[in-house]
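First up is the structure itself, then whatever we jot down about it.
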Amino acid sequence: MARVSQAHLDARRRQIVEAAARCFARNGFHATSMQDILRESELSAGAVYRYFPSKEELVEAIAGEAFAGIRAAFEEAARTTPPPTPDVLIGRVLRRVLVDAAPGGDRQAFARLVVQVWTETLRNERLAAALDEGYRTMREAWALLVDAYREAGLMEPGVDADHVARTLIATAQGFIAQQALFGDVRVEILEDGLRALMSMGNSKIS
């Protein structure tokens, strides 16, 4: 029997994850069964269960990939000279998470999937641990970015890096929640709002 290449295995895993993400975004986590995912992926039960023995593990995989993408965007920004301002960075991260990664380009459905994952952490200890780890690494990545801001003279030295990190993460989370609840929330709107708030320190109010 011919040996299956790692590239083939990776492609098959990606096929399953993307099928599950489409199902969860379309129908919700609890309303989606493994049978739904099998049909969506057009694979056999044996092929799917080889990679993911349960629906919970699929959710964990999707959540882990989202955190990895966000973390990569933050770390890349920290290496840029000069570092991008928060409005540019948040816009870049949200486009990567909500626009580029959304199954079928449906940003609202994918945002609802993200909110479902957050909710599921209240009952799933493994998923809660993954969320905690993702949150921790994002805060660490933002701390590196704050250091880059300081070196570039863009931020006062006395600002607590973790306070900045948690505030900007909350901004991104709030945007995702708005997209999930109301839809049609363009990333450009958040970028414009952040730029306006950032300009307040440079403005004189008479």
Side-chain angles (χ1 to χ4, degrees), residues 8-73 90-139 166 168-190:
H8 175 81
L9 295 174
D10 292 343
R12 182 58 57 83
R13 184 183 187 279
R14 166 57 40 200
Q15 181 180 352
I16 297 166
V17 169
E18 290 180 351
R22 289 193 299 270
C23 287
F24 293 149
R26 185 168 60 239
N27 301 320
F29 177 70
H30 293 289
T32 297
S33 68
M34 285 299 285
Q35 289 299 319
D36 294 328
I37 296 169
L38 295 178
R39 284 192 294 271
E40 186 75 23
S41 66
E42 299 182 340
L43 295 172
S44 68
V48 172
Y49 283 109
R50 175 182 180 183
Y51 294 90
F52 301 101
S54 69
K55 187 168 65 173
E56 286 73 16
E57 291 190 25
L58 271 164
V59 175
E60 290 168 13
I62 292 168
E65 289 187 4
F67 286 131
I70 293 171
R71 183 170 62 251
I90 290 290
R92 189 178 298 170
V93 169
L94 287 172
R95 284 189 178 89
R96 182 179 232 171
V97 174
L98 286 179
V99 179
D100 298 339
D106 190 337
R107 289 178 291 174
Q108 185 175 20
F110 189 65
R112 287 174 175 168
L113 171 61
V114 173
V115 173
Q116 289 178 63
V117 170
W118 292 342
T119 303
E120 191 64 17
T121 62
L122 300 177
R123 59 179 292 274
N124 184 324
E125 292 184 0
R126 287 177 57 182
L127 193 56
L131 184 67
D132 287 343
E133 176 64 14
Y135 184 50
R136 182 187 64 78
T137 56
M138 281 191 289
R139 286 166 63 180
R166 295 176 69 167
L168 288 169
I169 290 170
T171 301
Q173 290 172 323
F175 180 88
I176 292 171
Q178 282 190 22
Q179 182 69 48
L181 294 171
F182 309 115
D184 195 29
V185 182
R186 293 178 293 108
V187 176
E188 292 81 5
I189 294 173
L190 181 63

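Positions are given from 1, in the same order as the sequence printed here.
Looking only at side-chain heavy atoms (C-beta outward), E40 and R26 come within less than 4.5 Å of each other. The shortest distance between side-chain heavy atoms of L58 and Y51 does not fall below 4.5 Å. In this structure, the side chains of I176 and W118 come closer than 4.5 Å at one or more pairs of heavy atoms. Side-chain contact between L9 and R50 is present, with at least one heavy-atom pair separated by less than 4.5 Å. The shortest distance between side-chain heavy atoms of F52 and V17 falls below 4.5 Å. A 4.5 Å side-chain heavy-atom check between E188 and R95 finds at least one atom pair inside the cut-off. Side-chain contact between L94 and Q179: absent, with no pair of heavy atoms (C-beta onward) separated by less than 4.5 Å. The closest side-chain heavy-atom distance from V117 to F29 is not below 4.5 Å.
Atoms CD and CE, from E133 and M138 in turn, are 10.5 Å apart once rounded to the nearest 0.5 Å. The CG atom of L181 lies 8.0 Å from the CZ atom of R112; values are rounded to the nearest 0.5 Å. Going from atom CD of Q173 over to atom OG1 of T171 covers 9.0 Å, rounded to the nearest 0.5 Å. Rounding to the nearest 0.5 Å gives a distance of 11.5 Å between CG of L127 and CD of E57. Atom CD1 of residue I37 and atom OG1 of residue T32 lie 6.5 Å apart, to the nearest 0.5 angstrom. Rounding to the nearest 0.5 Å gives a distance of 13.0 Å between CZ of R139 and CG of L168.
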key: Residues L190, Q178; criterion side chain to side chain contact (heavy atoms under 4.5 Å, CB included); working and verdict   = CA-CA 11 Å; L190 181 63; Q178 282 190 22; over 6 Å; no
query = Can E56 and R126 be said to form a salt bridge (Lys or Arg N to Asp or Glu O under 4.0 Å), step by step?
reply = CA-CA 9 Å; E56 286 73 16; R126 287 177 57 182; over 6 Å; no
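A donor-acceptor contact closer than 3.5 angstrom is absent between the side chains of Q116 and H30.
Closest heavy-atom contact between S54 and M34: C-SD, 4.2 Å. In this structure, Q108 and A180 approach most closely via the heavy-atom pair NE2-O, 3.4 Å. Residues A21 and L113 share a closest heavy-atom pair of O-CD2, 3.9 Å. Annotation for A172 and I90: closest pair CB-CD1, 4.4 Å, computed over non-hydrogen atoms.
Under a 4.0 Å N-O distance rule, the pair D36/R39 qualifies as a salt bridge.
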